[in-house]
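Take a look at the structure below.
Only heavy atoms go into these numbers, but all of them, side chains included; no hydrogens, no water, no symmetry mates.
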Amino acid sequence: AMEKSYVSMFLLLIVISCALARDAGKKDAKDTTAKPKLPQTLSRGWGDQLIWTQTYEEALFRAKHSQKPLMIIHHLEDCPHSQALKKVFAEHKDIQKLAEKFILLNLVYETTDKNLAPDGQYVPRVLFIDPSLTVRADITGRYSNRLYAYEPSDISLLYSNMQKALKLLKTEL
C-alpha cells in the first residue's frame, strides 16, 4: 500500500511541475524580444475562425481524403501587397464563408514543389489544387505576368475563382 501512494504522489508532482513549467514558458516568451513573434494561429490573420493546415503535406493529405479542393496562399508578413490582400480577404464575409468548403493553407515560405510556382515565386499568390492533387493552373487572376497574383481590388475575382474551383470539382468527380 505504501508503494502505491508513493507512485500517485510522484505522478501528482509531475503534473504540477508540468503545469508550472508551461506557465513559466508563457511568461518567458513575452519577455524575450529577440525571438520573432509567432502568429497567434495558423491563420496568420487570413481568417481566424477558419481551420488552417500546418504543412503542405498535411494539406495534400486532407484534400485527398476529404475530397475538398485545397487553396494555398503564399504571402510574406513584411510584404505590403500581402498585407493588403490579407486585410480584404479576412474582412470579406462571403469569402470567409466559402473558404469553409476548402482545405486551407497559407505559407510564408516556398515548398520544394515546383508545381506551386508555375510562373515564379512571387507573393501574394493563390493557387488551387483539386482532390486528385492536380494544381489548377487554369484558375488565374487578371495579370499575365503574374498569373496567380491578386490585388485587393481583385477580391471579387478571387471569390469567383474559389467558386470555380468548387464547381470544377463537381463536374469532374
Side-chain angles (χ1 to χ4, degrees), residues 25-63 66 68-130 133-169:
K26 272 189 201 138
K27 280 195 196 71
D28 292 350
K30 277 202 190 80
D31 298 339
T32 56
T33 43
K35 274 198 201 127
K37 202 166 128 282
L38 286 171
Q40 291 314 101
T41 64
L42 292 172
S43 82
R44 296 188 179 90
W46 289 87
D48 293 341
Q49 81 297 341
L50 294 167
I51 297 163
W52 295 83
T53 48
Q54 189 156 13
T55 63
Y56 180 46
E57 292 69 30
E58 181 199 345
L60 289 176
F61 179 86
R62 287 177 52 181
S66 66
K68 286 178 169 183
L70 162 61
M71 176 162 69
I72 299 186
I73 304 168
H74 285 87
H75 65 108
L76 287 171
E77 296 291 353
D78 55 2
C79 158
H81 299 286
S82 296
Q83 292 291 3
L85 184 64
K86 179 198 296 194
K87 191 177 188 312
V88 294
F89 185 93
E91 289 170 4
H92 195 292
K93 299 271 189 299
D94 293 337
I95 278 187
Q96 291 290 309
K97 189 85 198 108
L98 197 60
E100 293 172 9
K101 299 192 159 110
F102 288 81
I103 301 299
L104 299 167
L105 176 67
N106 69 76
L107 291 175
V108 287
Y109 55 87
E110 294 290 338
T111 68
T112 51
D113 188 344
K114 298 283 176 283
N115 297 311
L116 290 188
D119 64 343
Q121 298 188 333
Y122 51 86
V123 294
R125 70 180 195 279
V126 181
L127 286 145
F128 297 95
I129 298 178
D130 68 28
L133 305 189
T134 309
V135 174
R136 303 296 326 211
D138 54 334
I139 303 181
T140 57
R142 67 172 86 248
Y143 309 102
S144 54
N145 60 336
R146 293 185 164 198
L147 291 175
Y148 309 97
Y150 297 86
E151 297 278 323
S153 56
D154 305 325
I155 198 72
S156 57
L157 174 62
L158 180 54
Y159 179 65
S160 64
N161 277 350
M162 289 168 71
Q163 290 175 310
K164 196 192 273 183
L166 288 164
K167 263 200 209 86
L168 287 169
L169 204 63

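- Within the structure, the salt bridge (charged side-chain N to carboxylate O under 4.0 Å, His left out) test picks out the following pairs touching residues 143-155 (sequence neighbours left out): R142-D154.
- For residues 114-126, the pairs satisfying salt bridge (charged side-chain N to carboxylate O under 4.0 Å, His left out) are E110-R125, with sequence neighbours left out.
- Around the CD atom of Q54, the shell of radius 6.0 Å holds no more than 12 heavy atoms that belong to other residues, nucleotides or ligands.
- Legend: residues meeting side-chain contact (heavy atoms from CB on, under 4.5 Å) with D138, ordered by chain and number and at least two apart, are R136, L168.
- The shortest side-chain heavy-atom distance between I73 and W52 falls under the 4.5 Å cut-off.
- More than 12 heavy atoms of other residues, nucleotides or ligands shown are found within 6.0 angstrom of CG on L157.
- Sorted by first and then second residue, the ring-ring contact (aromatic ring centres under 6.0 Å, His included) pairs with a member in residues 68-95 read W46-H75, W46-F89, H92-Y159; sequence neighbours excluded.
- Checked by atom type and distance alone, the side chain of R44 pairs as donor or acceptor with a backbone atom of N106 at under 3.5 Å.
- To the nearest 0.5 Å, atom CD1 of residue I129 and atom CD1 of residue I72 are 4.0 Å apart.
- The shortest side-chain heavy-atom distance between L166 and L98 falls under the 4.5 Å cut-off.
- A distance-only check finds no donor-acceptor pair linking the side chain of T134 to the backbone of D130 [under 3.5 Å].
- A donor-acceptor pair under 3.5 Å is absent between the side-chain atoms of K101 and the main chain of M162, judged by distance alone.
- With sequence neighbours excluded, the residues that form a ring pair (Phe, Tyr, Trp, His ring centres under 6.0 Å) with F61 are H65.
- Under the 3.5 Å distance criterion, the side-chain polar atoms of Y122 are left unmatched by any main-chain donor or acceptor of A117.
- Under the ring pair (Phe, Tyr, Trp, His ring centres under 6.0 Å) criterion, F102 pairs with F128, not counting sequence neighbours.
- In this structure, T53 contributes its side chain and E58 its backbone to no donor-acceptor pair below 3.5 Å.
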